2 protein chains.
Amino acid sequence: MSSYKDNKVITIGVVSELTGLSERQIRYYEERKLIFPIRSNGKTRKYSFNDVERLVDIANKIEDGIGTFEILKTEKKEKSKEETRNRMLRGQINAAFKIRK
Amino acid sequence: MSSYKDNKVITIGVVSELTGLSERQIRYYEERKLIFPIRSNGKTRKYSFNDVERLVDIANKIEDGIGTFEILKTEKKEKSKEETRNRMLRGQINAAFKIRK
DNA sequence: CGTGTAAGGAATTCTGACACG
DNA sequence: CGTGTAAGGAATTCTGACACG
């Protein structure tokens with residue numbers, strides 16, 4: 001389930017190099033609830049490779065004029081859609097099993 | 001070819017947490033040519049997940065009484081063996097192709 | 001709204017050395 | 001030989017704020 005991609009081990013300086021974003025931008029996206037680094041010892045932020053990719057994505061959207069709130073809202077919708085899809089799928093699977101029994 | 005595992009982005013403090021080794025140990029293994037972090041801005045060491053796994057391996061061997069020099073020597077032999085194997089394999093493949101032609 | 005910056009402090013990392021065994 | 005530690009300095013990161021637009 002968890003892999004290297006999900007392992008939050010990268011400091012903000014390296015994330016900045018990797019993404020080309022400023023530390024200010026990276027911290028701001030966190031403030032807007034778009035990214036969630038862990039804090040080692042309650043202080044220093046640590047990001048995963050997934051976070052790095054996500055940050056680039058976010059930055060691209062902002063460059064396209066999409067606000068942080070808009071990004072957050074859209075993602076919530078996507079997630080909700082996906083959950084509905086999964087729920088329906090599970091329903092069909094269950095129904096199929098009942099028939100076989 | 002390169003993946004997240006090979007990306008040297010982890011600072012020594014995190015490596016220490018991840019491996020359970022002291023920073024002293026990690027730096028010492030570098031001194032003994034067993035591990036090669038990159039230096040961001042010529043100063044701070046950065047390790048990959050592969051390095052992390054390798055460090056645990058090294059530490060285990062040392063705990064078993066195998067010296068750093070011994071480890072280095074053994075690995076060189078392994079590498080040499082592998083190269084010989086690859087060379088022979090390539091030879092056979094080439095031979096097979098010639099026959100077909 | 002998203003980002004830059006200067007400010008002061010705290011946490012991290014670095015090197016070279018002395019110590020032990 | 002492999003590792004701990006204290007020492008002093010350098011690099012990194014943190015927060016809260018002011019600025020611009």
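Naming: A, B, ... by sequence-line order, numbering from 1 per chain. Source: prediction; values computed, not measured.
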Can you tell me if A/E53 uses its side chain to pair, donor with acceptor, with the backbone of A/N50 under 3.5 Å?
no
Do side-chain atoms of A/S16 reach the backbone of A/I12 as a donor and acceptor pair under 3.5 angstrom?
no
Describe the nucleic acid contact of A/R45 in one word from base, sugar-phosphate, nothing, applying a heavy-atom distance below 4.0 Å.
sugar-phosphate
Gap between atoms CD and C1', on A/E17 and D/dT12 respectively (whole Å):
12 Å
Interatomic distance, CD@B/E78 vs CD@B/E83, rounded to 0.5 Å, equals 12.0 Å
How long is the line joining CD1 of A/I26 and C1' of D/dT12, in whole Å?
13 Å
Is any NZ, NE, NH1 or NH2 atom of the basic residue among A/K77 and A/E82 found under 4.0 Å from an Asp or Glu carboxylate oxygen of the other?
no
Check whether any side-chain heavy atom of A/T68 lies under 4.5 Å from a side-chain heavy atom of A/L34, and answer yes or no.
yes
Looking across every strand, which nucleic acid part, if any, lies under 4.0 Å from A/R32 by heavy atom: base, sugar-phosphate, or nothing?
sugar-phosphate
Does the B/T74 side chain pair with the main chain of B/E70, one donor and one acceptor, at a distance under 3.5 Å?
yes
Taking Watson-Crick and G-U wobble contacts under 3.5 angstrom, with | marking pairs to another strand and [ ] crossing pairs, the secondary structure of DNA chain C is written .||||.||.|.|.||.||||.
Check this one for me: any side-chain N or O of A/R24 less than 4.0 Å away from OP1 or OP2 of D/dC14?
no
Separation of atom CD in A/Q25 from atom P in C/dT3, rounded to whole Å:
4 Å
Less than 4.0 angstrom between a side-chain N/O of A/T11 and OP1 or OP2 of D/dT12, yes or no?
no
Does OP1 or OP2 of C/dG4 have a side-chain N or O of A/S22 closer than 4.0 Å?
yes
Between atom NZ in A/K46 and atom P in D/dT13, what is the gap in whole Å?
8 Å
Expressed in angstrom and rounded to an integer, what is the separation of B/K43 atom NZ from D/dT12 atom P?
10 Å
Are OP1 or OP2 of C/dT3 and a side-chain N or O of A/Y29 less than 4.0 angstrom apart?
yes
In whole angstroms, the gap separating C1' of D/dG2 from CG of B/L55 amounts to 15 Å
Side-chain N or O of B/Y28 closer than 4.0 Å to phosphate OP1/OP2 of D/dT3
no
Ionic contact status for A/R27 with A/E31, cut-off 4.0 Å:
no
Spacing of B/E23 atom CD relative to D/dA6 atom C1', expressed in whole Å:
15 Å
Between C/dG2, C/dT13, D/dC14, spot the one nearest the side chain of A/I62, thanks.
C/dG2
Does a side-chain N or O from B/R39 land closer than 4.0 Å to OP1 or OP2 of C/dT15, or not?
yes
Carefully, step by step, assess B/R32 and B/L72 under the rule side chain to side chain contact (heavy atoms under 4.5 Å, CB included).
CA-CA 8 Å; B/R32 301 314 312 274; B/L72 197 62; over 6 Å; no
Side-chain atoms of B/T44 come closest, of D/dT15, C/dT15, D/dT12, to D/dT12
Separation of B/Y47 atom OH from C/dT12 atom P, in whole Å?
16 Å
